[in-house]
**Student:** 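Quick one: this structure, given as structure tokens, is what I'll be asking you about.
Numbering of ligands and ligand atoms starts at 1, following listing order.
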Amino acid sequence: MIFAAAGYNVTLFDVDPGQLSKAESSLKTTLQQYEEGGYLRGNTTAAEQVKLVSYSSSLEECLQGAIYVQECVPENIDLKKKVFCQLDSLATDQMIMASSSSCLPASSFTESLKHRENMLVAHPINPPYFVPLVELIPAPWTKPEVLTTVRSIMEKVGQSPVTLRRESLGFALNRIQYAAINECWNMYQTGLLSAEDIDKVCYDGLGMRYAFIGPLETMHLNADGEFHEASSAIEIARTT
Ligand SMILES: NC(=O)C1=CN([C@@H]2O[C@H](COP(=O)(O)OP(=O)(O)OC[C@H]3O[C@@H](n4cnc5c(N)ncnc54)[C@H](O)[C@@H]3O)[C@@H](O)[C@H]2O)C=CC1
Ligand SMILES: O=C(O)[C@@H](O)C(=O)[C@H](O)[C@@H](O)CO
């Protein structure tokens, strides 16, 4: 939907043909609803965007003329290896292949492949139609120009890419997310706040603030010395 909204032709492939027909009907309904609700992205109508998307039960046919592939198979290392091996055997030297992987780095499933320089992770954040961040994580062998091209494709389609300089377990978003979840869980288990109030601290507090001012910018605006004071106070609170 995001790529079609920007005017790209998109072809979906899935091993399960049932998923393709579900995707086709859900795409039509969803784009129609977004148009009626005023959420549709791009400068074209829902009907025009629907026409840009086609469906194929053959990977070879799906990849004909493709410049960019976004792989979205389940988070399973053997499956990622299998699918990237298939992509590799059908790829042209120009085709860029990105994985949506949330945790698995591209180096763990592309190492032995001929076109590995054109492969990387482009991790979207759910729901990507409304949350624009995409984390781009190169494998050690990903060509810098591939990373630059994916970054500009993402900007062109209206997403907001960030580039990690190297692979890191959890990438960036999940490193932050799991640190927050860990602290929320800790407060829940020690009975400090109810589950509802912990969620409220995020959606009516930090989440809302972080939508327009990030943690480092917040710290920059804090009074001198406040960070050190606060972090030692939190360390004491955690251990008591
Ligand atoms: N669901 C989420 O919130 C997010 C998921 N991701 C990542 O995206 C990837 C996909 O996740 P979901 O969309 O949630 O998975 P899903 O399970 O909803 O969909 C996976 C699809 O892949 C198809 N599939 C299975 N084997 C295949 C093969 N060999 N060739 C082609 N298609 C095949 C399945 O039929 C299914 O339609 C995972 O790596 C996940 O970590 C990334 C960001 C957010
Ligand atoms: O939106 C998210 O949180 C994701 O992008 C993810 O990375 C995954 O859903 C992950 O948190 C759990 O598998």
**Student:** How many angstroms lie between atom CD of Glu35 and atom OG1 of Thr44, to the nearest 0.5 angstrom?
**Tutor:** 9.0 Å
**Student:** Starting from atom 39 (O) of ligand 1, find the nearest protein heavy-atom neighbour and note its residue, name and distance.
**Tutor:** Glu75 OE1, 2.5 Å
**Student:** Which heavy atom of the protein is the closest neighbour of atom 1 (N) of ligand 1, given with residue, atom name and distance?
**Tutor:**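 Going atom by atom, the protein heavy atom closest to atom 1 (N) of ligand 1 ends up being Asn126 ND2, 4.1 Å.
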**Student:** Taking C-beta and beyond as the side chain, do Leu216 and Met219 meet within less than 4.5 Å on heavy atoms?
**Tutor:** yes
**Student:** Can any side-chain N or O of Gln49 pair as donor or acceptor with the backbone N or O of Leu31 at less than 3.5 Å?
**Tutor:** no
**Student:** Could you tell me whether Arg41 sits above the aromatic face of Tyr34, with NZ or CZ closer than 6.0 angstrom to the six-membered ring centre and within 45 degrees of the axis?
**Tutor:** no
**Student:** For Trp185, which fellow cluster members are found when Ile, Leu, Val, Met, Phe, Trp and Tyr are connected by side-chain heavy-atom distances below 4.5 angstrom, either directly or through intermediates?
**Tutor:** Met187, Tyr188, Leu192, Leu193, Ile198, Val201
**Student:** For the pair Ser168 (side chain) and Leu164 (backbone), establish whether a donor and an acceptor sit closer than 3.5 Å, ignoring hydrogens and angles.
**Tutor:**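 Not confirmed, Ser168 side chain does not pair with Leu164 backbone.
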**Student:** Side chain, backbone, both or neither: which applies to Leu104 and ligand 1 if a contact is any heavy-atom pair less than 4.0 Å apart?
**Tutor:** neither
**Student:** To check your reading of the model: name the closest protein heavy atom to atom 36 (C) of ligand 1, its residue, and the distance in Å.
**Tutor:** Asp14 OD2, 3.5 Å
**Student:** Strictly distance-based, threshold 3.5 Å: is any side-chain N or O of Asp14 a donor or acceptor partner for the main-chain N or O of Leu20?
**Tutor:** no
**Student:** Do the side-chain N and O atoms of Thr110 and Trp141 include a donor-acceptor pair separated by under 3.5 angstrom?
**Tutor:**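 Side-chain D/A pair, Thr110 to Trp141: present.
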**Student:** Would a search of protein heavy atoms around atom 22 (O) of ligand 1 find one under 4.0 Å away?
**Tutor:**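 Neighbour list for atom 22 (O) of ligand 1 includes protein heavy atoms (cut-off 4.0 Å).
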**Student:** Among all protein heavy atoms, pick out the one at the shortest distance from atom 43 (C) of ligand 1; state its residue, atom name and that distance to 0.1 Å.
**Tutor:** Pro124 O, 3.1 Å
**Student:** Going by the closest heavy atom to atom 17 (O) of ligand 1, which one wins out of Pro74, Pro17, Ala122?
**Tutor:**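 Nearest option to atom 17 (O) of ligand 1, by heavy atoms: Pro74.
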**Student:** Pairs under 3.5 Å, N/O atoms on ligand 2 and on the protein: can you put them in a table with the distances?
**Tutor:**
from     : atom 1 : to     : atom 2 : distance (Å)
ligand 2 : 1 (O)  : Asn126 : N      : 3.1
ligand 2 : 3 (O)  : Gln177 : NE2    : 3.3
ligand 2 : 5 (O)  : His123 : NE2    : 2.8
ligand 2 : 5 (O)  : Pro124 : O      : 3.1
ligand 2 : 7 (O)  : Ser102 : OG     : 3.3
ligand 2 : 7 (O)  : His123 : NE2    : 2.8
ligand 2 : 7 (O)  : Asn174 : ND2    : 2.9
ligand 2 : 11 (O) : Asn174 : OD1    : 3.3
ligand 2 : 11 (O) : Gln177 : NE2    : 3.3

**Student:** Kindly state if atom 32 (N) of ligand 1 has a protein heavy atom within a strict 4.0 Å cut-off, that is, under 4.0 Å?
**Tutor:**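 Yes, because at least one protein heavy atom sits under 4.0 Å from atom 32 (N) of ligand 1.
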**Student:** Treating Asn118 as the side-chain partner and Met97 as the backbone partner, does any N or O pair qualify as donor plus acceptor under 3.5 Å?
**Tutor:** no
**Student:** Which ligand 1 atoms are under 4.0 Å away from a heavy-atom of Ser102?
**Tutor:**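 In order of number, 6 (N), 7 (C), 40 (C), 41 (O), 42 (C), 43 (C).
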**Student:** Of all the atoms in ligand 1, which lie at a distance below 4.0 Å from a heavy atom belonging to Lys80?
**Tutor:** 38 (C), 39 (O)
**Student:** To the nearest 0.1 Å, how far is atom 12 (P) of ligand 1 from its closest protein heavy atom, and which atom is that?
**Tutor:**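 Checked against all protein heavy atoms, atom 12 (P) of ligand 1 sits closest to Cys72 O, 4.7 Å.
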**Student:** Would you check if there is a donor-acceptor pair between the side chains of Gln70 and Tyr68 at a distance under 3.5 Å?
**Tutor:**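 Yes - a donor-acceptor pair under 3.5 Å links their side chains.
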**Student:** With side chain to side chain contact (heavy atoms under 4.5 Å, CB included) as the test, would you mind laying out the steps for Glu117 and Val146 before giving the verdict?
**Tutor:** CA-CA 8 Å; Glu117 293 183 338; Val146 164; 5.8 Å; no
**Student:** Under a 4.0 Å heavy-atom limit, does Lys82 contact ligand 1 with its side chain, its backbone, both, or neither?
**Tutor:**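 It is neither; nothing of Lys82 touches ligand 1.
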**Student:** I'd like to check which ligand 1 atoms, numbered from 1 as shown, lie under 4.0 Å from a non-hydrogen atom of Gln19.
**Tutor:**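 Near Gln19, the atoms of ligand 1 are 35 (O), 36 (C), 37 (O).
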**Student:** Taking 4.0 angstrom as the limit and counting only heavy atoms of Val15, give me the atoms of ligand 1 inside it, by number and element.
**Tutor:** 24 (N), 25 (C), 26 (N), 27 (C), 28 (C), 29 (N), 30 (N), 31 (C), 32 (N), 33 (C)
**Student:** When you compare the side chain of Thr218 with that of Arg209, does any pair of heavy atoms fall below 4.5 Å?
**Tutor:**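 In contact.
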**Student:** Got the closest protein heavy atom to atom 9 (C) of ligand 1, with its distance?
**Tutor:**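 Protein heavy atom with the smallest distance to atom 9 (C) of ligand 1: Val73 O, 3.3 Å.
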**Student:** Got the closest protein heavy atom to atom 8 (O) of ligand 1, with its distance?
**Tutor:** Ser100 CB, 3.4 Å
**Student:** Under 3.5 Å, is there a donor-acceptor pair between the Glu24 and Ser21 side chains?
**Tutor:**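 Judged by distance alone, the side chains do not pair up.
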**Student:** Could you tell me whether Leu79 approaches ligand 1 through its side chain, its backbone, both or neither, with non-hydrogen atoms closer than 4.0 Å?
**Tutor:** side chain
**Student:** Check ligand 1 against His123 and write out every atom of the ligand that is under 4.0 Å from a heavy-atom position of the residue.
**Tutor:**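 Those atoms are 42 (C), 43 (C).
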**Student:** If you apply the rule side chain to side chain contact (heavy atoms under 4.5 Å, CB included), what do you find for Ser54 with Asn9, and how did you get there?
**Tutor:** CA-CA 8 Å; Ser54 53; Asn9 284 300; over 6 Å; no
**Student:** Could you tell me whether a side-chain N or O of His123 sits under 3.5 Å from a main-chain N or O of Ser102, the two making a donor and an acceptor?
**Tutor:**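 Checking the backbone N and O of Ser102 against the side chain of His123, no donor-acceptor pair under 3.5 Å is found.
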